[in-house]
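Beneath this line is the structure, given in structure tokens, with notes to follow.
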Amino acid sequence: MNNGDASSAPDPDFWAPRPCFCEPVPEIFHAAELLDRAVDAHLGGEHGRAEHLITKANMPEVRKWVESLWGSKSNQIHRFRSVEGAQPVLDKNDRDPKREPSGDQKLQIINRDRYHCRFCGIPVIRAEIRNVMRRHYENALPWPRTNAGEHAAFQCLWLQFDHVLPHCRGGRTEIDNLVITCAPCNYGRNYGRLAWTLEEVGLIDPRTRPVKRSTWDGLERFVGN
């Protein structure tokens, strides 16, 4: 773990606030484009082409980026420091008893944040959409019990609902304390099995930045086809 002292971090900008742990690589957006085209092909009845595009989106460069945030070498990009007065980890009995947002809360958050990670800005896809697509293209979209075997793009673009102030640190499961993130940004903040605050990891509060707008629909149009 890097505590940012002079010997381990000679760069004076080491603790300059940053929007995300690691800038997304171009292949992530290319993979999202391939999946978007795959949905168009599926809806057009071109199932062979859709399967080819889904397979092509399973890129090793995307997996490498994901692993840099939550894999065995993720300590190379993470920064942790003690912050005076930071909220401690609470006993389970003292936390908000509601851990997961309700369906209505999730809908409101999606309507506000759309389908982009509020930290790194990459497109995201709900697990429900991934599961529907798997039923049609199981061979092209592997999703076993191990991270290493999961389809890299769907793993990377997996939509999460993240507590800005972590739940175990006293964060409430309320819309104002929840944002949409990709799985790597969400799980990356739990490095070492501790949910770190934004200040402890040197991240800018994503709620202070505008929501990213684009034509990306999270592949939602696939549902029902």
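Owing to the predicted nature of the structure, the values given are computational and were not obtained by experimental measurement.
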Are the aromatic ring centres of W70 and Y187 under 6.0 angstrom apart?
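Between W70 and Y187, the centre distance is under 6.0 Å.
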
How close do [X] and [Y] get, heavy atom to heavy atom, and via which atoms?
X: F161; Y: P101; value: CB-CG, 4.1 Å
X: V124; Y: C117; value: CG1-N, 4.1 Å
X: L219; Y: V39; value: CD2-CG2, 3.8 Å
X: G149; Y: P144; value: O-CD, 3.3 Å
X: I204; Y: P17; value: CG1-CB, 3.6 Å
X: C182; Y: C156; value: CB-O, 3.5 Å

Short question: side chain of [X], backbone of [Y] - any donor-acceptor pair under 3.5 Å?
X: K212; Y: H116; value: no
X: N131; Y: A127; value: yes
X: W216; Y: E33; value: no

Can you tell me which residue pairs pass the salt bridge (charged side-chain N to carboxylate O under 4.0 Å, His left out) test with a partner in residues 36-48, sequence neighbours excluded?
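Output for this query lists D36-R221, D40-R221.
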
Interatomic spacing from CH2 in W196 to CG in L203 - rounded to 0.5 Å
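Output value for this atom pair is 12.5 Å.
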
Inter- and intrachain pairs under side-chain hydrogen bond (donor to acceptor under 3.5 Å, both in side chains), touching residues 141-150, at least two apart
E150-Q155

Salt bridge (Lys or Arg N to Asp or Glu O under 4.0 Å) partners for R126, two or more places apart:
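Counting only residues at least two positions away or on another chain, R126 forms a salt bridge (Lys or Arg N to Asp or Glu O under 4.0 Å) with E128, E220.
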
Which pairs would a plain distance check flag for residues 171-178, meaning a side-chain donor or acceptor within less than 3.5 Å of a matching protein atom at least two apart in sequence or in another chain?
residue: T173; atom: OG1; partner: K98; partner atom: O; Å: 2.4
residue: T173; atom: OG1; partner: R99; partner atom: O; Å: 3.4
residue: T173; atom: OG1; partner: H163; partner atom: NE2; Å: 3.0
residue: N177; atom: OD1; partner: L165; partner atom: N; Å: 3.0
residue: N177; atom: ND2; partner: L165; partner atom: O; Å: 3.2
residue: N177; atom: ND2; partner: R172; partner atom: O; Å: 2.9

Per-pair distances, 0.1 Å, donor-acceptor, side chain in residues 50-59, under 3.5 Å, sequence neighbours excluded:
residue: T55; atom: OG1; partner: E51; partner atom: O; Å: 2.9
residue: N58; atom: OD1; partner: R63; partner atom: NH2; Å: 3.3
residue: N58; atom: OD1; partner: A152; partner atom: N; Å: 2.8

Report whether I180 and L107 are members of the same hydrophobic cluster (ILVMFWY, side-chain heavy atoms less than 4.5 Å apart, transitive linking).
no

Per the side chain to side chain contact (heavy atoms under 4.5 Å, CB included) rule, which among R95, H167, R169 passes with L90?
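Checked R95, H167, R169 against L90; only one passes side chain to side chain contact (heavy atoms under 4.5 Å, CB included): R95.
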
So do E200 and F80 actually touch side chain to side chain, heavy atoms under 4.5 Å?
no

Under the side-chain contact (heavy atoms from CB on, under 4.5 Å) rule, collect the residues that match up with D104, sequence neighbours excluded.
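So D104 forms a side-chain contact (heavy atoms from CB on, under 4.5 Å) with S102, Q108.
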
Pair D162-R189, salt bridge (charged side-chain N to carboxylate O under 4.0 Å, His left out): steps then yes or no:
CA-CA 10 Å; D162 187 21; R189 196 146 60 101; 3.1 Å; yes

